[in-house]
Amino acid sequence: MRTIWVHCYKGGTLLRSYDFGVPETLNDAAVKMPTKESLEDQAKTNLTNERLAGPPYDEIRFEIEFPR
């Protein structure tokens, strides 16, 4: 399993980081990586559920760290 991290910042402060697992295979073409938009949507849902932020998320910056 490879991990994709989504770091959520408000201003210069890290609010939270979320990790999402992606199956690891010998054939990278066999695994479809999630899109930036889908990862941000999942992070937004988590931020809302944890009451750390809410819509419209204008002040939140999302930084995605894909595995190499």
Side-chain angles (χ1 to χ4, degrees):
M1 186 69 71
R2 291 191 279 178
T3 303
I4 297 173
W5 286 94
V6 180
H7 307 291
C8 309
Y9 295 91
K10 184 173 184 176
T13 304
L14 177 65
L15 288 177
R16 187 84 156 80
S17 292
Y18 298 104
D19 61 320
F20 301 100
V22 177
E24 191 167 12
T25 67
L26 295 176
N27 180 5
D28 284 340
V31 176
K32 184 178 178 188
M33 295 292 276
T35 64
K36 179 181 186 290
E37 292 78 17
S38 69
L39 292 166
E40 284 183 11
D41 287 344
Q42 290 179 64
K44 288 176 182 177
T45 298
N46 290 346
L47 287 170
T48 301
N49 289 342
E50 295 177 21
R51 298 179 186 216
L52 295 173
Y57 307 100
D58 291 338
E59 298 178 8
I60 308 297
R61 178 174 55 90
F62 299 93
E63 183 179 293
I64 299 174
E65 184 181 327
F66 286 97
R68 294 179 184 167

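Just so we're clear, the structure is a prediction, and the values are computed from it rather than from any experiment. Residue numbers start at 1 and run along the sequence shown.
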With sequence neighbours excluded, what pairs up with [X] under the side chain to side chain donor-acceptor pair (under 3.5 Å) test?
| X | answer |
| --- | --- |
| S38 | T35 |
| T48 | Y57 |
| T13 | none |

Nearest 0.5 Å, please: how far is [atom2] in [Y] from [atom1] in [X]?
| X | Y | atom1 | atom2 | value |
| --- | --- | --- | --- | --- |
| I60 | E40 | CD1 | CD | 11.5 Å |
| L52 | L15 | CG | CG | 6.0 Å |
| Q42 | F20 | CD | CZ | 4.5 Å |

With a 4.5 Å heavy-atom cut-off, do Y18 and T45 have their side chains touching?
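No, every pair of side-chain atoms sits at 4.5 Å or beyond.
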
List, by chain and then residue number, the residues other than L14 in its hydrophobic cluster (Ile/Leu/Val/Met/Phe/Trp/Tyr, side-chain heavy atoms under 4.5 Å); write none if there are no others.
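Under the 4.5 Å side-chain rule, L14 groups with Y9.
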
With ILVMFWY side chains joined below 4.5 Å, transitively, what does M1's cluster contain besides itself?
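Members other than M1 - counting any ILVMFWY side chain reachable under 4.5 Å - there are none.
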
Is there a path from F66 to V22 through hydrophobic residues (I, L, V, M, F, W, Y) whose side chains come within less than 4.5 Å of each other?
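Cluster IDs for F66 and V22 match.
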
Connected via hydrophobic side-chain network under 4.5 Å: M33 and V6:
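The answer is yes; both residues are in one hydrophobic cluster.
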
Taking salt bridge (Lys or Arg N to Asp or Glu O under 4.0 Å) as the definition, give me every residue that meets it alongside E37, ordered by chain and number, with sequence neighbours left out.
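Checked E37 against salt bridge (Lys or Arg N to Asp or Glu O under 4.0 Å); zero matches.
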
Pairs touching residues 41-51 that satisfy salt bridge (Lys or Arg N to Asp or Glu O under 4.0 Å), sequence neighbours left out:
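Matches after skipping sequence neighbours: R16-E50.
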
Scan residues 56-67 for pairs that pass salt bridge (Lys or Arg N to Asp or Glu O under 4.0 Å), counting only residues two or more places apart or in two chains.
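Listed once each, the pairs are K10-E59, R61-E63.
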
Shortest non-hydrogen contact between S17 and H7, atoms and distance
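Taking every non-hydrogen atom into account, OG-ND1, 2.6 Å.
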
